[in-house]
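Some notes on the structure that comes next.
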Amino acid sequence: MATPSKKLPRTATHRPAVRRRRFRHDDLVAVDLFSGFGGLTKGIGDAGFTTIMAANHKRYKIEIHEANHPEAEHWIADLVNPDSSDYHSARDLPPADLLAAGVSCVNHSLANTIRAYEQGATLFELDDPDYEAQVTRSERDRATANCVLQYAAKHHPRLILVECTTQLTSWGPALPGRKKVGDGSTYRYWLKQFDLLGYHHRVLYLNSQFFGVPQSRDRGYWVFWDKSLPAPDLEHRPVSHCGHCDRDVEAVWTWKTGIPESGTVMYGKQYEYRCPSCRRPVVPPMTPSLAALDLTDLGTRLGDKPIKTFPDGFVGPLARSSMARAERCRQRFAEFPAILMPAKGQHGSERLLLQPMATQTSQQETAILSTGPVADPLWAQAAAGGLAALAVDNFQGAARGAGEPLPTQVGSETLAVLSSGVIPYRQNTVPTMHSEAMPTFTSEQIPAVLTAAGWYKQNGTSPDHGTAPHPLTDPLGTLTATDTTALLMAQWQAALSQMPLEDCFYRMMAAHEIGRGCGFDVDFNDYRGTFKVWGSARNQVDGFGNAVSPKVGTWIGNRLRAIVHSPQDRGTTTSELEAAA
């Protein structure tokens, strides 16, 4: 006999808006289902949509969302299971112009181990003799995509934006011998219902690393719009440099393989970007993981960590698998001073600091392995004179130290400063400035890191033009006859290959680094961010890891807002009504 649960029954809780919202006649409003930390709320908000209602079943996440979006009302409720004590139907939420929903990926990802579709109630609770889906209670409780359909059937918002893992496309009864892969029939039925409700749709596969987020995060975005509206421009065309054409182009999103049975769609494997002229692959600009890391703290030397005895009898500072993983990463990237490595064997992959970090999830899965503290880090007010730039003639000649005479200058721009950038580690790669797209990473052509740096103005007192350090992306400002500009450097002790593993430093990524890596404007060193968050590191990481990248939401939201404000849907303005009167 099952032991009765000791947990007190929860009840759905409505929380009115903390701050009164100013209503305008042309205000576009949104409702955010499964809002979490509010990645989509922030994204569509920056695109011009005001979220008036957000719902989530976790009180902690609602409190975080409420602190950052006080103008919205909130529901702490289960939107899926009608038998739950805290159930609140999505149909009873207010109507809006845009419905945003980051639906659960629990049963649409390869990590899922639940055997679904064995027996149970119909998934959609619709009387359809041509479709009868049998599911387990656990699968039904997690069918959050169903709530989007329920809301659309009741309120028919003009626009809908759904985010999920790409494996949503395999939603359906498990394929024979493939417990974690469905046949996609439930997914196709789900899409068909939106067509019957009067929506067109488009499925987008986008990686957050191409939107200014220092994280490689592949996700699917399902965009629905009322059939009376014009189709939005949803072509992602990042400006990228084509080496063959030797110019910047608007890259074209292109399939490589199509969608596999598993539904897993990843940049570089299933799709890529190509030059519209020569059709060769190009790599759009990416944000490095360095943008999210606090290099003032590199953790503890492995040799100084407490020695433990683990259940398998292994004695050491970390578990046997962790030590083996650290050594493998050290050997693979032996020439580098620091790397990001997976903290668990089954998740993540080692990354260079100039690459976007691996996909962040609800767990702390990434660690930093380094050769030790850095001297004069980028953000420090370093003394002038630390100049160690390299000059490269026409990107082909030999590198020259800053103290050497410059090569002959010709009419074309042939000289660059590589004080912070990527230099060739193999002969077939070319030097790249840190503000440019990095060359493609392959198993044989790995670029090397040339110290992170910035520039430093020695004269004046203004924070903009005085003694403040600047990243290399900032303009240098006026250069006079007096030598007033120096470079800042981050000097590492050594490469990983030059130190034994016990002399390397190791620490897990901190919650604020993961938040920054997921695209949230959090506090960082002395910088005070706009995003309010508190709680344990575990809870913060869970919230950040499950969140939608705000900048991707903004990109899509801007294109959806454009069709609502297009001439076909402009409606009658106040001035036109007055003229008619």
Heavy-atom side-chain contact between [X] and [Y] under 4.5 Å:
{"X": "Trp534", "Y": "Tyr60", "result": "yes"}
{"X": "Ser289", "Y": "Pro356", "result": "no"}
{"X": "Ile76", "Y": "Lys61", "result": "no"}
{"X": "Glu73", "Y": "His14", "result": "yes"}
{"X": "Arg219", "Y": "Val552", "result": "no"}
{"X": "Leu99", "Y": "Leu159", "result": "no"}
{"X": "Pro157", "Y": "Tyr199", "result": "yes"}
{"X": "Leu191", "Y": "His201", "result": "yes"}

Can [X] and [Y] be counted as having a side-chain donor-acceptor contact under 3.5 angstrom?
{"X": "Thr41", "Y": "Asp32", "value": "yes"}
{"X": "Asp248", "Y": "His241", "value": "yes"}
{"X": "Ser216", "Y": "Asn207", "value": "yes"}
{"X": "Tyr151", "Y": "Asp92", "value": "no"}

Check: [X] side chain, [Y] main-chain N or O, donor-acceptor pair, under 3.5 Å:
{"X": "Lys256", "Y": "Gly268", "answer": "yes"}
{"X": "Ser549", "Y": "Lys551", "answer": "no"}
{"X": "Thr169", "Y": "Gln167", "answer": "no"}
{"X": "Trp222", "Y": "Leu161", "answer": "no"}
{"X": "Asp521", "Y": "Phe531", "answer": "no"}
{"X": "Ser170", "Y": "Gly263", "answer": "no"}
{"X": "Gln540", "Y": "Gly535", "answer": "yes"}
{"X": "Asn68", "Y": "Ile64", "answer": "yes"}
{"X": "Asp78", "Y": "Ser84", "answer": "no"}
{"X": "Asp183", "Y": "Ser185", "answer": "yes"}

Kindly write out the residues that satisfy side chain to side chain contact (heavy atoms under 4.5 Å, CB included) with [X], not counting sequence neighbours, or none if the list is empty.
{"X": "Ala30", "result": "Ile44, Phe49, Thr51, Leu98"}
{"X": "Pro276", "result": "Val249, Val252"}
{"X": "Ser536", "result": "Arg538, Asn539"}
{"X": "His200", "result": "Trp225, Lys227"}

Can you name the side chain to side chain donor-acceptor pair (under 3.5 Å) partners of [X], sequence neighbours left out?
{"X": "Arg507", "answer": "Glu513"}
{"X": "Arg516", "answer": "none"}
{"X": "Tyr205", "answer": "none"}
{"X": "His236", "answer": "Tyr273"}

Review point. Given the side-chain rings of His65 and His74, with only the six-membered ring counted for Trp, is the space between their centroids under 6.0 Å?
Key: yes

Review point. Step by step, would you call Asp218 with Tyr271 a side-chain hydrogen bond (donor to acceptor under 3.5 Å, both in side chains)?
Key: CA-CA 11 Å; Asp218 281 297; Tyr271 72 93; 3.0 Å; yes

Hey, what do you get for [atom1] ([X]) to [atom2] ([Y]), rounding to the nearest 0.5 Å?
{"X": "Leu28", "Y": "Ile52", "atom1": "CG", "atom2": "CD1", "answer": "11.5 Å"}
{"X": "Thr186", "Y": "Leu168", "atom1": "OG1", "atom2": "CG", "answer": "10.0 Å"}
{"X": "Cys518", "Y": "Phe37", "atom1": "SG", "atom2": "CZ", "answer": "10.0 Å"}
{"X": "Ile62", "Y": "Trp75", "atom1": "CD1", "atom2": "CH2", "answer": "11.0 Å"}
{"X": "Gln215", "Y": "Thr366", "atom1": "CD", "atom2": "OG1", "answer": "9.0 Å"}
{"X": "Cys164", "Y": "Phe34", "atom1": "SG", "atom2": "CZ", "answer": "10.5 Å"}

**Study point:** Within residues 38-50 or reaching into it, pairs that qualify as salt bridge (Lys or Arg N to Asp or Glu O under 4.0 Å) - sequence neighbours excluded
**Key:**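 Passing the test, one end in residues 38-50: Lys42-Asp46.
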
Check your understanding: Pairs in or reaching into residues 228-239: which pass salt bridge (Lys or Arg N to Asp or Glu O under 4.0 Å), with residues at least two apart or in two chains?
Key ->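 Counting only pairs at least two positions apart or across chains, the salt bridge (Lys or Arg N to Asp or Glu O under 4.0 Å) contacts touching residues 228-239 are Arg202-Glu235, Asp233-Arg237, Arg237-Glu250.
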
**Study point:** Partners meeting salt bridge (Lys or Arg N to Asp or Glu O under 4.0 Å) with Arg274 (sequence neighbours left out)
**Key:** Glu272

Point to revise | Contacts of Arg188 that satisfy salt bridge (Lys or Arg N to Asp or Glu O under 4.0 Å) - sequence neighbours left out | key: none

**Study point:** Verdict with supporting geometry, Arg158 and Asp97, salt bridge (charged side-chain N to carboxylate O under 4.0 Å, His left out)
**Key:** CA-CA 5 Å; Arg158 290 184 288 178; Asp97 299 295; 2.8 Å; yes

Minimum heavy-atom distance [X]-[Y], with the two atoms named:
{"X": "Pro94", "Y": "Met53", "result": "CD-CE, 3.7 Å"}
{"X": "Tyr267", "Y": "Gln209", "result": "CD2-NE2, 3.5 Å"}
{"X": "Ala12", "Y": "Tyr87", "result": "CB-O, 3.9 Å"}
{"X": "Ala100", "Y": "Leu40", "result": "CB-CD1, 4.0 Å"}
{"X": "Ala367", "Y": "Met508", "result": "CB-SD, 3.9 Å"}
{"X": "Val148", "Y": "Phe194", "result": "CG1-CZ, 3.9 Å"}

Exercise for review: Using the side chain to side chain contact (heavy atoms under 4.5 Å, CB included) rule, take Leu206 and Trp555 through it: C-alpha gap first, then chi angles, then the decisive distance, then the call.
Suggested key: CA-CA 11 Å; Leu206 302 172; Trp555 184 86; 4.2 Å; yes

**Study point:** Charged N-O contact under 4.0 Å between Arg528 and Asp523
**Key:** yes

Practice item. Start with the C-alpha gap between Thr287 and Phe211, add the side-chain angles, then the distance that decides, and say whether side chain to side chain contact (heavy atoms under 4.5 Å, CB included) holds. Key: CA-CA 8 Å; Thr287 303; Phe211 294 84; over 6 Å; no

